[in-house]
Amino acid sequence: QVQLVESGGGLVQPGGSLTLFCAAFGFTFSHYAMSWYRQAPGKERELVATITGTGSSTSSADSVQGRFTVSRDNVRNTVYLQMNSLKPEDTAVYFCNTRIYARDYWGKGTLVTVSS
């Protein structure tokens, strides 16, 4: 059974940093791309960053370019999102995602609040 479990969210001041974690279970982790999405209050869920199965290629949204870095550890079956220079507009619930045979799987999310 595919399961994704996010952690690492919390309250951080503007300009601060935070690392999110997503532990994956129930599938061959290294075979699949992993993505981070976020959903701010009253807004639609948006794609933040994606990393390929091998970790050799990444992409990220324009709004986080140069500030957020996605990485993965295929031994620990974990994907990370390093977030630097955080802004109040980064406040959202962050979700881990993977797509296996055209089906999307989601974690329950972790809340990131950027506020002074």
Side-chain angles (χ1 to χ4, degrees):
Q1 180 180 357
V2 175
Q3 187 177 8
L4 302 173
V5 181
E6 303 95 337
S7 61
L11 174 64
V12 61
Q13 292 187 342
S17 297
L18 207 59
T19 301
L20 303 184
F21 305 82
C22 172
F25 306 90
F27 62 103
T28 307
F29 183 70
S30 62
H31 288 189
Y32 297 95
M34 299 294 298
S35 296
W36 286 98
Y37 284 74
R38 67 185 181 185
Q39 187 165 19
K43 295 189 176 181
E44 293 188 355
R45 193 171 296 191
E46 63 172 350
L47 178 62
V48 175
T50 299
I51 185 167
T52 57
T54 61
S56 61
S57 181
T58 65
S59 61
S60 57
D62 289 344
S63 58
V64 305
Q65 280 272 358
R67 300 189 299 123
F68 290 12
T69 302
V70 59
S71 61
R72 66 191 294 159
D73 184 332
N74 284 350
V75 174
R76 292 182 171 83
N77 286 7
T78 300
V79 61
Y80 309 93
L81 186 66
Q82 175 66 44
M83 306 185 294
N84 299 325
S85 302
L86 282 160
K87 305 175 182 179
E89 51 263 43
D90 294 318
T91 295
V93 177
Y94 285 72
F95 297 91
C96 186
N97 163 273
T98 192
R99 178 170 289 184
I100 301 173
Y101 296 122
R103 175 179 174 178
D104 279 307
Y105 293 88
W106 299 91
K108 293 183 179 180
T110 186
L111 175 63
V112 173
T113 303
V114 185
S115 175
S116 55

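The basis for the numbers below is simple: all heavy atoms, side chains too, and nothing from hydrogens, waters or symmetry mates.
- Distance check: Tyr105 OH to Met34 CE gives 12.0 Å after rounding to the nearest 0.5 Å.
- A 4.5 Å side-chain heavy-atom check between Val12 and Ser17 finds every atom pair outside the cut-off.
- In this structure, the separation between CZ on Arg45 and OH on Tyr94 is 13.0 Å, given to the nearest 0.5 Å.
- For the atom pair Gln82 CD and Leu18 CG, the distance stands at 8.0 Å (nearest 0.5 Å).
- Side-chain contact check for Asn77 versus Phe25: every heavy-atom pair is 4.5 Å or farther apart.
- Side-chain atoms of Ser7 and Thr110, non-hydrogen and from C-beta on, never get closer than 4.5 Å to each other.
- Residues Tyr37, Val93, Phe95, Trp106, Leu111 make up the rest of the hydrophobic cluster containing Leu47, defined by ILVMFWY side-chain heavy atoms closer than 4.5 Å, directly or through other members.
- Side-chain contact between Val79 and Val70 is present, with heavy atoms from C-beta onward closer than 4.5 Å.
- Formation of a donor-acceptor pair under 3.5 Å by the Asn74 side chain with backbone atoms of Phe29 is not found in this model.
- Atom-to-atom distance recorded for Phe27:CZ and Leu4:CG is 5.5 Å, nearest 0.5 angstrom.
- The environment of CD in Glu44 is sparse: at most 12 heavy-atom neighbours from other residues, nucleotides or ligands sit within 6.0 Å.
- Within the 3.5 Å criterion, the main-chain N or O of Ile51 finds no donor-acceptor partner in the side chain of Ser57.
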Phe68 and Leu86: CA distance, side-chain angles, deciding distance, side-chain contact (heavy atoms from CB on, under 4.5 Å) verdict: CA-CA 9 Å; Phe68 290 12; Leu86 282 160; 3.7 Å; yes
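- Residue pairs meeting the salt bridge (Lys or Arg N to Asp or Glu O under 4.0 Å) criterion with at least one member in residues 34-43, sequence neighbours excluded, are Arg38-Glu46, Arg38-Asp90.
- Think of Tyr80 as one node in a network of Ile, Leu, Val, Met, Phe, Trp and Tyr side chains linked at under 4.5 Å; its network also takes in Phe21.
- When atom types are taken as modelled, the side chain of Thr78 and the backbone of Arg76 share a donor-acceptor pair closer than 3.5 angstrom.
- The minimum heavy-atom distance between Pro14 and Ser115, with the atom names listed, is CD-C, 3.6 Å.
- To the nearest 0.5 Å, atoms CG (Asn97) and OH (Tyr32) are separated by 13.5 Å.
- Shortest non-hydrogen contact noted between Thr52 and Ser56 is OG1-N, 3.3 Å.
- The OG1 atom of Thr50 sits 10.5 Å away from atom CZ of Arg99, with the distance rounded to the nearest 0.5 Å.
- Side chain of Arg72 to backbone of Gly55: no donor-acceptor contact under 3.5 angstrom is found.
- Glu6 is not listed as a side-chain neighbour of Leu20, based on a closest heavy-atom distance of 4.5 Å or more.
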